[in-house]
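Here's the structure we're looking at; comments come further down.
Not measured: the values here are computed from a predicted model. The basis for the numbers below is simple: all heavy atoms, side chains too, and nothing from hydrogens, waters or symmetry mates.
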Amino acid sequence: MSQPTRDRDVNSHSDSGFDSYDHGDQVQPPRQPRRRPRRDVMGVGIDPLTMDQTVERLKSLMTDGGHHNHLSINAAKIVSAKEDCSKRREFNAADIVSADGQAVVWASRLLGRPVPERVAGIDLMNRLVDLSAAEGQRIYLLGAQREVVDAVAEEFAGRGANIVGKHDGFWRDEGLTDEDMAKLIGDLHVDLLFVAVPSPMKEDFIYGQRDLMGVGVCVGVGGSFDVVAGQTKRAPELVQKLGMEWAFRLAMEPRRMFKRYAVGNTKFLWYLAKDRTKSGE
């Protein structure tokens, strides 16, 4: 089979869930029609949408009667998708995939398949909270420590958002299964679910329980609750624009982040170099 070309946008869907290139996956009909072809960035299909376009698209998905999910993709998830084909399929099955990390945006440009801009998960979350404040979408908050999710609920409700429920990220420690948690959420007729637990638990929960929950749109937000609650500092805006937010996080939490960035970023660059070489063949 041929390798992907530099300018190739992808228009047919595979069982990986996105507009496919040659992975050898079986073709199947799409869950939702794509407004624009996804861009193949190292095996993950990314929607070439700006922040404003992403918000509008998620707003429309919340009201179409389906059960959808949004995925923020960063360098670590790209590496995971490279090394685990089941993760690649899981990621590509998301209804919208956004480039959360600036490194992913740069990689898309180097590969000749550019996405327009970074859509940071925490910024998207805040935009969707403002949408709820204006239009009343029902939000459930899931994840983080109990005091953190309580603080986030208070903050978002103070901004006018319609918060209909919350739970910390340790339901398994309480003896609840993922299915139990999904049913609790499903009983509340939620339009928008924010899931703030670590990867891969976050993606596994959303992917596995999306239909049982019956949520309009599930959005994984990682450590964003900790930032909103003031438990974690976010990098200054200039550092974010320079694509060095990872360095700021490493400086703040060296023990926890060293392996992720030292090993993960090295792998990401290696896979990028290999894919760029193949694209030029």
Intermediate values then yes/no, side chain to side chain contact (heavy atoms under 4.5 Å, CB included), V195 and V219: CA-CA 6 Å; V195 182; V219 180; over 6 Å; no
Verdict with reasoning, I78 to V44, per side chain to side chain contact (heavy atoms under 4.5 Å, CB included): CA-CA 7 Å; I78 292 283; V44 176; 3.9 Å; yes
Chi angles and distances behind the side chain to side chain contact (heavy atoms under 4.5 Å, CB included) call for R39, L111: CA-CA 10 Å; R39 306 292 167 81; L111 292 168; over 6 Å; no
Residue pair L192, L128: steps toward the side chain to side chain contact (heavy atoms under 4.5 Å, CB included) verdict: CA-CA 9 Å; L192 181 59; L128 293 171; 3.7 Å; yes
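By the side-chain hydrogen bond (donor to acceptor under 3.5 Å, both in side chains) test, Q145 is found to be paired with no residue, residues two or more places apart in sequence or in another chain being considered. When the side chain to side chain contact (heavy atoms under 4.5 Å, CB included) test is applied to A107, the partners found at least two apart in sequence or on another chain are V41, M42, F268, L272. Scanning for salt bridge (Lys or Arg N to Asp or Glu O under 4.0 Å) contacts around E245 gives R118, R234, with sequence neighbours left out. Residues that satisfy the ring pair (Phe, Tyr, Trp, His ring centres under 6.0 Å) test with F205, not counting sequence neighbours, are W171. In this structure, P198 has no side chain to side chain contact (heavy atoms under 4.5 Å, CB included) partners at least two apart in sequence or on a different chain.
Side-chain atoms of T277 come within 3.5 Å of backbone atoms of A273 as a donor-acceptor pair (strictly under, hydrogens ignored). Counting only distance, with no hydrogens or angles, the side chain of D40 and the backbone of G45 share no donor-acceptor pair below 3.5 Å. N92 contributes a side-chain N or O that, together with a main-chain N or O of G43, makes up a donor-acceptor pair within less than 3.5 Å.
By the 4.5 Å heavy-atom criterion applied to side chains, K274 and L269 are not counted as neighbours. At least one side-chain heavy atom of L212 sits less than 4.5 Å from a side-chain heavy atom of K183. Between R210 and D95, the closest side-chain pair of non-hydrogen atoms falls below 4.5 Å. When side chains are defined from C-beta on, I139 does not count as touching F156, because their heavy atoms never get closer than 4.5 Å. You'll find the side chain of F91 stays beyond 4.5 Å of the side chain of Y207, heavy atoms only. Counting heavy atoms from C-beta on, the side chains of H70 and T54 come closer than 4.5 Å.
In the hydrophobic cluster analysis, where Ile, Leu, Val, Met, Phe, Trp and Tyr join through side-chain heavy atoms closer than 4.5 angstrom, V164 is grouped apart from L131. Taking hydrophobic clusters as Ile, Leu, Val, Met, Phe, Trp and Tyr residues chained together by side-chain heavy-atom distances below 4.5 Å, M62 does not share a cluster with V190. Cluster annotation: V217 and L142 are assigned to distinct hydrophobic clusters (Ile/Leu/Val/Met/Phe/Trp/Tyr, side-chain heavy-atom contacts under 4.5 Å, transitive). Hydrophobic cluster membership differs between V215 and L71, with clusters built from Ile, Leu, Val, Met, Phe, Trp and Tyr side chains linked at under 4.5 angstrom. Linking ILVMFWY residues whenever their side-chain heavy atoms come closer than 4.5 Å, directly or via other members, places L58 and L141 in the same cluster.
With respect to the salt-bridge test (charged N to carboxylate O, under 4.0 angstrom), the residues K77 and D100 do not qualify. Using a 4.0 Å cut-off between charged nitrogen and carboxylate oxygen, D178 and R172 count as a salt-bridge pair. The pair E174-R146 meets the salt-bridge criterion, since a charged nitrogen lies less than 4.0 angstrom from a carboxylate oxygen. A salt bridge does not link K233 to D226: none of the charged nitrogens lies less than 4.0 Å from a carboxylate oxygen. For the pair K82 and D275, the salt-bridge criterion is met [side-chain N within less than 4.0 Å of a carboxylate O].
Residues V221 and K202 share a closest heavy-atom pair of N-CD, 3.8 Å. Nearest heavy-atom pair across L184 and L188 is O-CG, 3.8 Å. Shown here for I206 and C218, the closest heavy-atom pair between the two residues is CG2-CB, 3.7 Å. D123 and M51 make their closest contact through CB-CE, 3.6 Å (heavy atoms, listed as atom of the first residue, atom of the second, distance). Of all heavy-atom pairs between A157 and I163, the closest is N-CG1, 4.1 Å. For A75 against V104, the heavy-atom pair with the smallest separation is N-CG2, 3.8 Å.
Rounded to the nearest 0.5 Å, atoms OG (S199) and CG (N74) are 7.0 Å apart. Note that CD1 of I185 and CG of L193 are 5.0 Å apart. Values are rounded to the nearest 0.5 Å. Note that NZ of K87 and SG of C85 are 11.5 Å apart. Values are rounded to the nearest 0.5 Å. In this structure, CD in Q209 is found 7.5 Å from OG1 in T177, a value given to the nearest 0.5 Å. In this structure, CD1 in I73 is found 10.0 Å from OG in S98, a value given to the nearest 0.5 Å. Remark: D173 CG to D168 CG distance equals 8.5 Å, nearest 0.5 Å.
A side-chain donor from one of N126 and R159 sits under 3.5 Å from a side-chain acceptor of the other. A donor-acceptor pair shorter than 3.5 Å cannot be found between the side chains of D52 and T50. Residues N162 and R138 have side chains that never bring a donor and an acceptor to within less than 3.5 angstrom of each other.
Every pair passing side-chain hydrogen bond (donor to acceptor under 3.5 Å, both in side chains) that includes a residue from residues 263-273 is listed here, sequence neighbours excluded: E83-K267, E83-Y271.
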